[in-house]
Colleague: 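Let me give you the structure first, and then I'll get to my questions.
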Number of protein chains: 2
Amino acid sequence: MSRKLHLPIPARKALKKLGKDIRDARLRRRIGTELMAERAGFSRITLNKIEQGDSGVSVGGYVSALFVLGMLDRLKDIADARHDLIGLMLEEERLPKRIRAPKAEK
Amino acid sequence: MSRKLHLPIPARKALKKLGKDIRDARLRRRIGTELMAERAGFSRITLNKIEQGDSGVSVGGYVSALFVLGMLDRLKDIADARHDLIGLMLEEERLPKRIRAPKAEK
DNA sequence: CTGTAATGATAAGAATAATAAACATTAGCG
DNA sequence: CGCTAATGTTTATTATTCTTATCATTACAG
């Protein structure tokens, strides 16, 4: 986001929790911020932002942190179709490749 | 990441899958790229990058997209302690607030 | 309790992400 | 099957992140 993205409250909360969980996981493993940042390939400051749930940090940073902690697995299923209840209800046929607006009523 | 972060293969794969899943979820809901981008608060181009699993996009973009799709729930548990098997094995006592290197042997 | 190393915070500069505009491509309605 | 609107791409510009360096704070070992 170049222009600061105004994130809805629940989204911001989810990020905060994620950051805190990442921090706790690091502490459980007794890894210092310096070492952790080095392994993940970014600076201590960026790690700090991640652990605070900063929404501006690139997704690569978060993913890299999760990778270092060995917690990448669950990420893959976040938006997996199997868990998309809303989507399953809507799906009636094969997915289109484009969304076309229905012809306006005369 | 200002300096392009070199992401390990599994991490990159996870992001690619996430992007694809987000795209499929959008299609299932019959939401066009323009409308989706507008609701999420960013441009069509950024949505495109997200759906391709671009690691440079800010995490806020991804989270906002998940929010629009109503798929925020699972995000919160990605790194939750309850699922941190490695961490649970390591945890023996109360978590420290800082990680201190053990005194070097003389 | 005390000293010290780990963490948090701040500022300035380099690198990159995000946007808008315009054009090329292509899916799918009719 | 053809037309049109939806999507993909490129370029130039702007805004913001990420980094390095430095200083302040504080938790922990001894």
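Just so it is clear: chains get the letters A, B, ... in the order the sequence lines come, proteins before strands, and each one is counted from 1.
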Colleague: For A:Val63, which residues count as a side chain to side chain contact (heavy atoms under 4.5 Å, CB included) partner, sequence neighbours excluded?
Modeller: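 A:Val63: side chain to side chain contact (heavy atoms under 4.5 Å, CB included) contacts with A:Val59, A:Leu72, A:Leu75, B:Ala11, B:Leu15.
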Colleague: Using the test salt bridge (charged side-chain N to carboxylate O under 4.0 Å, His left out), find all partners of B:Asp77 that sit at least two apart in sequence or belong to another chain.
Modeller: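 B:Asp77 satisfies salt bridge (charged side-chain N to carboxylate O under 4.0 Å, His left out) with B:Arg82 only.
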Colleague: In whole Å, what is the span from the CG atom of A:Leu35 to the P atom of C:dT7?
Modeller: 10 Å
Colleague: Report the residue (A:Lys97 or B:Ser55) whose heavy-atom-nearest nucleotide on DNA chain C is the more 5′ of the two.
Modeller: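 Mapping each residue to its closest nucleotide by heavy atoms, the 5'-most match is B:Ser55.
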Colleague: Rounded to the Å, how far apart are B:Arg100 CZ and D:dA27 P?
Modeller: 12 Å
Colleague: Would you mind reading off the distance between A:Leu27 atom CG and C:dA6 atom C1', rounded to a whole angstrom?
Modeller: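 Checked: the CG to C1' distance equals 12 Å.
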Colleague: Tell me, please, which residues at least two apart from B:Asp54 pass side chain to side chain contact (heavy atoms under 4.5 Å, CB included).
Modeller: B:Lys49, B:Val57
Colleague: Take atom CZ of A:Arg26 and atom P of C:dA6, then tell me their distance rounded to the nearest Å.
Modeller: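 In whole Å, C:dA6 P and A:Arg26 CZ are 12 Å from each other.
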Colleague: How would you list, by chain and number, every residue that makes a side chain to side chain contact (heavy atoms under 4.5 Å, CB included) with B:Ala25, sequence neighbours excluded?
Modeller: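 Testing B:Ala25 for side chain to side chain contact (heavy atoms under 4.5 Å, CB included), a comparison that skips the adjacent residues, returns A:Asp84, B:Arg28, B:Arg29, B:Leu69, B:Met71.
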Colleague: Specify the residue among B:Glu51 and A:Asp54 whose closest nucleotide of DNA chain D lies further upstream toward the 5′ end.
Modeller: B:Glu51
Colleague: Starting at atom CG of A:Asn48, determine the distance to atom P of C:dT10, rounded to an integer number of angstrom.
Modeller: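 In whole Å, C:dT10 P lies 11 Å from A:Asn48 CG.
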Colleague: With salt bridge (charged side-chain N to carboxylate O under 4.0 Å, His left out) as the criterion, how do A:Lys20 and A:Asp24 come out once you've worked through the C-alpha distance, each side chain's angles and the decisive distance to 0.1 Å?
Modeller: CA-CA 6 Å; A:Lys20 185 179 183 330; A:Asp24 288 348; 3.2 Å; yes
Colleague: Would you kindly give the CD-to-P distance between A:Glu34 and C:dT7, to the nearest whole Å?
Modeller: 8 Å
Colleague: Would you say a side-chain N or O of A:Arg23 is under 4.0 Å from OP1 or OP2 of C:dT7?
Modeller: no
Colleague: Tell me what B:Gln52 touches on the nucleic acid: a base, only sugar-phosphate, or nothing, going by heavy atoms under 4.0 Å.
Modeller: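 Sugar-phosphate: the residue B:Gln52, judged by heavy atoms under 4.0 Å, touches backbone atoms but no base.
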Colleague: Summarise protein proximity over nucleotides 18-26 of chain D in one line of letters, 5' to 3': B for base, S for sugar-phosphate only, - for none, counting protein heavy atoms closer than 4.0 Å.
Modeller: SBBB---BB
Colleague: Using a cut-off of strictly less than 4.0 Å, decide whether B:Thr33 has a side-chain nitrogen or oxygen near OP1 or OP2 of D:dT7.
Modeller: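 True: B:Thr33 side-chain N/O within range (under 4.0 Å) of D:dT7 OP1/OP2.
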Colleague: Tell me, please, which residues at least two apart from A:Arg44 pass side chain to side chain contact (heavy atoms under 4.5 Å, CB included).
Modeller: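 A:Arg44 satisfies side chain to side chain contact (heavy atoms under 4.5 Å, CB included) with A:Thr33, A:Glu34 once adjacent residues are dropped.
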Colleague: Is atom NZ of B:Lys17 surrounded by more than 12 heavy atoms (other residues, nucleotides or ligands) closer than 6.0 Å?
Modeller: yes
